[in-house]
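Below you'll find the structure, written out as structure tokens, and then a few comments.
These numbers come from a predicted model, not from an experiment.
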Amino acid sequence: MPIASEDFQPVKSAGRTLDLLELLADHPQPWALGDLARTLAIPKSSLHGLLRTLVNRGWVQPDDSGTRFRLGMRALRVGAAYLDGDDRVTLLSGVLDELSRRFGEAAHLGRLDGDQVVYLAKRESVHRLRLYSAIGRRLPAHATALGKALLAEHPDTDVDRMLNWPLARLTPHTVTDREAVHAALATVRTTGYAVDQEENAEGIRCFAVAVPLASPAVDAVSVSVPVSRLRPDIETAILVALRELVGGLAQARSMLTG
């Protein structure tokens, strides 16, 4: 029996559970019951029972007072299992290691999920001044080099449907105009790489290429560098390395199980 069908009717309690877990994941500060109820539009009485069940199963953890809640350890188990079972993450681990070794800057593997990019793996910068990132963090695709590299895999008509207009402006440099976004993606298709010109975080430039393990690609690899450390020769070396290390992976498609 197929999971997806035209007559699918979502289970309300399951939907509420997932909404709650996703909210706690996206905003990891401790939440009071009333704030959760207002944000999720769930009656307090229903939410209280849901929280008690999730606390009992270890998915949600209360603070010492028992009045504020955050994700529990069981959530880590599921997230880690997703990464452990993903052949692409394993395959690209060596690429991230080599990029980190060559440049000492932050390197990321990201996957397109709707209009956002999710960090699946990272290597930290060796420098004190660095880009903040975390595995599982979600960012608007249009404001990141990772996202633009992946959006450029699709025609503009599909991109218009994928993105959530009007687009969020993360910094004064974020490109949000529809025509400007189309022009930026056209440049990515021509050059084969994407650049984030301080569009996600001021003072940080990022370079990314799509990983040729699927068509259209769903993953991309990036290197992020503070503009204060970025010289033209370093930029050129990063782009050469990304093309060399990531671009040569097309032959590895047959190694993947799914």
From [X] atom [atom1] to [Y] atom [atom2], the distance as rounded to the nearest 0.5 Å:
X: Q29; Y: R68; atom1: CD; atom2: CZ; result: 8.0 Å
X: L150; Y: M162; atom1: CG; atom2: CE; result: 8.5 Å
X: H154; Y: L163; atom1: NE2; atom2: CG; result: 10.0 Å
X: R38; Y: L47; atom1: CZ; atom2: CG; result: 11.0 Å
X: S222; Y: D196; atom1: OG; atom2: CG; result: 9.0 Å
X: D158; Y: L151; atom1: CG; atom2: CG; result: 10.5 Å

Contact summary for [X] and [Y], nearest pair of heavy atoms:
X: T67; Y: S65; result: OG1-OG, 2.7 Å
X: V159; Y: W165; result: O-NE1, 4.4 Å
X: G147; Y: T144; result: N-OG1, 2.8 Å
X: P226; Y: E105; result: CD-OE1, 3.8 Å

Side-chain hydrophobic cluster, 4.5 Å single linkage: members besides L170: none
Whichever hydrophobic residues join V227 through chains of side-chain contacts under 4.5 Å: none
For [X], enumerate each residue passing the salt bridge (charged side-chain N to carboxylate O under 4.0 Å, His left out) test, keeping only those at least two apart in sequence or located in another chain.
X: E124; value: K122, R130
X: D84; value: none
X: D86; value: R111

Side chain to side chain donor-acceptor pair (under 3.5 Å) between H182 and D160, worked out: CA-CA 9 Å; H182 289 176; D160 285 345; 2.8 Å; yes
S93 vs R123, side chain to side chain donor-acceptor pair (under 3.5 Å): CA-CA, chis, key distance, verdict: CA-CA 9 Å; S93 178; R123 300 295 183 270; 2.8 Å; yes
Ring pair (Phe, Tyr, Trp, His ring centres under 6.0 Å) involving Y119 - partner list, sequence neighbours excluded: H108
Pair T176, T174: side-chain N/O donor-acceptor within cut-off below 3.5 Å: no
Check against side chain to side chain donor-acceptor pair (under 3.5 Å), Q197 and R205: CA-CA 5 Å; Q197 305 270 16; R205 290 190 73 193; 2.8 Å; yes
